[in-house]
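Input: a single structure, listed below in C-alpha cells.
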Amino acid sequence: MPELPEVEVTRRSIAHGIAGAQILSMRLGKPLRWPLGCDPELLVGRAVVGVRRRGKYLLLDLGQGLVLVHLGMSGSLRFASALPPPDKHDHWDLETSAGTLRLHDPRRFGAVVYAESELDPVAVKLLGGLGMEPLGDVFSLEAFRKGVKASRLPIKQLLLAGRLVVGVGNIYASEALFMAGIRPTVKALSLSSVRIERLYLAIREVLTRAVALGGSSLKDFSSADGSTGHFQNAVQVYGRVAEPCYACGTTVRMVRQGQRSSFYCPRCQR
DNA sequence: ATGTAAACCTGTGCGC
DNA sequence: TGCGCACAGGTTTACA
C-alpha cells in the first residue's frame with residue numbers, strides 16, 4: 001500500500017508528537033517480514049529522538065540505536081495517547097511516555113527491525129542498496145539520466161526496482177509515466193534526454209503533490225493520526241483500466257509487467 | 001550478470 | 001450463500 005507519500009505523511013503525523021518520548025514497553029504480535037533482532041526489553045527506557053524516512057522505511061532514532069519500520073503492502077501506523085486493545089492485525093505496539101505507536105498490518109509484509117546504527121549489518125542490508133531520494137537534493141537530473149540510460153529494463157520496472165530512485169511504487173510509477181507521456185513498457189535506455197527530463201520532473205511533481213494531498217487511501221490507508229489521503233481522487237490512470245483517459249478520452253489500458261499491473265493511455269503515452 | 005517467477009500472508013471482489 | 005480464483009500500495013530469494 002504505502003509508497004513514499006504515504007510513508008512521509010505517516011512520518012509527519014508522528015514525528016512531532018513522539019520526539020523526546022521515553023519507551024515504556026513493547027508488544028509484538030504475529031511475526032512480520034523479519035524478526036525484531038533484539039530482546040524487546042532492551043529498548044525499554046530509551047528515548048525516541050526523532051523520526052526520519054529513507055525510501056519507504058521509517059527510521060525511529062533512539063538515544064542509542066534505531067528501529068526501522070516498513071509498512072509492506074498493507075501496513076499503517078497509528079499514534080495516540082489512548083488506543084483500543086490490539087486487534088488480530090495489530091502486530092506491534094511501542095508504548096511511550098507520549099503515546100502508543102501501533103503497527104496495523106493484515107498481510108504482515110511489513111517489518112520492525114532494530115539496528116545498533118546505520119552501519120549495523122541488518123541496516124546495511126535493508127537500506128544499503130536504496131537509490132536516490134526523489135524529493136532530496138541528491139536526486140539530480142544528471143544522475144537520473146545516467147541511471148536510466150544504463151538500464152535495459154522497461155522504464156516502469158526500473159522505477160519500481162528502487163535502485164536508481166526510491167519511493168516510487170506501483171501507483172506513482174504509473175502516474176509519473178502518464179504525466180511524462182511515456183509508455184511503461186519502453187526500454188529505459190531507449191529514452192531520449194528530453195523524455196528523461198520530463199520523467200524526472202514528473203516523479204518529483206507527482207510525489208510532492210501526493211504528499212500534499214495526504215497520500216492515497218485506496219482501501220484503508222490512513223496516517224498515524226487517523227486522517228485519510230486524497231490523492232486517489234487525483235489519479236489519472238492507476239486502476240482506471242477500460243475507463244476513458246481524462247486527457248484524450250482513449251480507453252486506459254492495463255499491462256502486466258514483472259507481476260505488477262501497469263496502467264497507461266495508449267494515445268497520451270508513447 | 002540478468003531476467004523471470006515464486007515466496008511471504010490476508011482480505012476482497014467476482015464469476016459460477 | 002458458498003467456492004475457487006485472481007488480484008492487491010512491496011521486497012527478497014530462488015532459479016533459469
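Order of the sequence lines sets the chain letters (A, B, ...), proteins ahead of strands, with each chain counted from 1.
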Using 30° and 60° as the class limits, which term best fits the ring planes of A:Y200 and A:F144: parallel, tilted or perpendicular? tilted
Polar pairs (N or O, both sides) under 3.5 Å between protein and nucleotides 12-15 of chain C?
residue : atom : partner : partner atom : Å
C:dT12  : O4'  : A:R33   : NH2          : 2.8
C:dT13  : OP1  : A:K125  : NZ           : 3.3

For B:dG3 and C:dG9, measure between their C1' atoms and round to the nearest Å. 24 Å
Got a donor-acceptor contact below 3.5 angstrom from the A:D90 side chain to the A:G29 backbone? no
If only side-chain N and O atoms of A:R256 are considered, is one of them under 4.0 Å from the OP1 or OP2 phosphate oxygen of C:dC7? no
Under-4.0 Å side-chain N/O to phosphate OP1/OP2 contact, A:H70 with C:dG10: no
Tell me, what's DNA chain B's dot-bracket, Watson-Crick or G-U with both distances under 3.5 Å, | for other-strand, [ ] crossing? .|||||||.|||||||
What is the distance from CG of A:L153 to P of B:dA5, rounded to the nearest Å? 14 Å
Give one of base, sugar-phosphate or nothing for A:R163, where a contact means two heavy atoms less than 4.0 Å apart. nothing
Mind calculating the distance between CE (A:M73) and P (B:dA7) to the nearest angstrom? 16 Å
Hey, does A:L94 have a side-chain heavy atom less than 4.5 Å from the side chain of A:L43? no
Which residues pass the side-chain hydrogen bond (donor to acceptor under 3.5 Å, both in side chains) test with A:Q64, not counting sequence neighbours? A:E116
Are side-chain heavy atoms of A:T96 and A:L101 found at a separation under 4.5 Å? no
Between A:R195 and A:A180, is there a donor-acceptor pair closer than 3.5 Å when you use the side chain of the first and the backbone of the second? no
Please name all residues satisfying salt bridge (Lys or Arg N to Asp or Glu O under 4.0 Å) with A:R240, sequence neighbours left out, ordered by chain then number. A:E243
Carboxylate-amine/guanidinium proximity below 4.0 Å for A:E175 and A:R209: no
Any A:S261 side-chain nitrogen or oxygen under 4.0 Å from OP1 or OP2 of C:dA8: yes
Does the B:dC9 base have a donor-acceptor partner in the side chain of A:R107 within less than 3.5 Å? yes
Of all the choices, B:dG11, C:dG9, B:dT2, which nucleotide is nearest to the side chain of A:R260 once you look at every atom? C:dG9
Between B:dT4, C:dG9, C:dT11, spot the one nearest the side chain of A:E6, thanks. C:dG9
Please report the distance separating the P of B:dT12 from the corresponding atom of C:dT11, rounded so that it comes out in whole Å. 23 Å
Residue pair A:S216 / A:Y172, side-chain donor-acceptor N/O under 3.5 Å: yes
Is the distance from OP1 or OP2 of B:dG11 to the nearest side-chain N or O of A:H89 less than 4.0 Å? yes
Checking the side chain of A:Q232 only, and the main-chain atoms of A:S217 only, is there a donor and an acceptor separated by less than 3.5 Å? yes
Winner on side-chain proximity to A:K30, out of B:dT10, C:dG9, B:dG3, is B:dT10
Which protein N or O atoms sit under 3.5 Å from an N or O of nucleotides 13-16 of chain B?
none

Whole angstrom value for the distance that separates P of C:dT11 from CG of A:L164: 15 Å
For A:F263 and C:dA8, what is the distance between atoms CZ and P respectively, to the nearest whole Å? 6 Å
Pairs satisfying salt bridge (charged side-chain N to carboxylate O under 4.0 Å, His left out), at least one member in residues 138-165 of chain A, at least two apart: A:E142-A:R145
Considering only C:dG9, C:dA8, B:dC9, which nucleotide approaches the side chain of A:F109 most closely? B:dC9
Taking CG from A:L160 and P from C:dA8, how many angstroms apart are they, rounded to a whole number? 12 Å
Atom pair distance, as rounded to whole Å: CZ in A:R108 and P in B:dC8: 12 Å
Say you pick atom C1' in C:dT12 and the same atom in B:dG11; how far apart are they, in whole Å? 23 Å
Salt-bridge contact A:K56-A:E3 (side-chain N to carboxylate O under 4.0 Å): no
Over how many whole Å does the gap from A:D105 atom CG to B:dT10 atom P extend? 10 Å
Indicate, with a heavy-atom threshold strictly under 4.0 Å, whether A:Y238 touches base, sugar-phosphate, or nothing. sugar-phosphate
Nearest whole Å is fine: how far is C:dG10 C1' from A:L127 CG? 15 Å
Return the minimal non-hydrogen interatomic distance between A:G17 and A:F79, and the atom names on each side. C-CE2, 3.8 Å
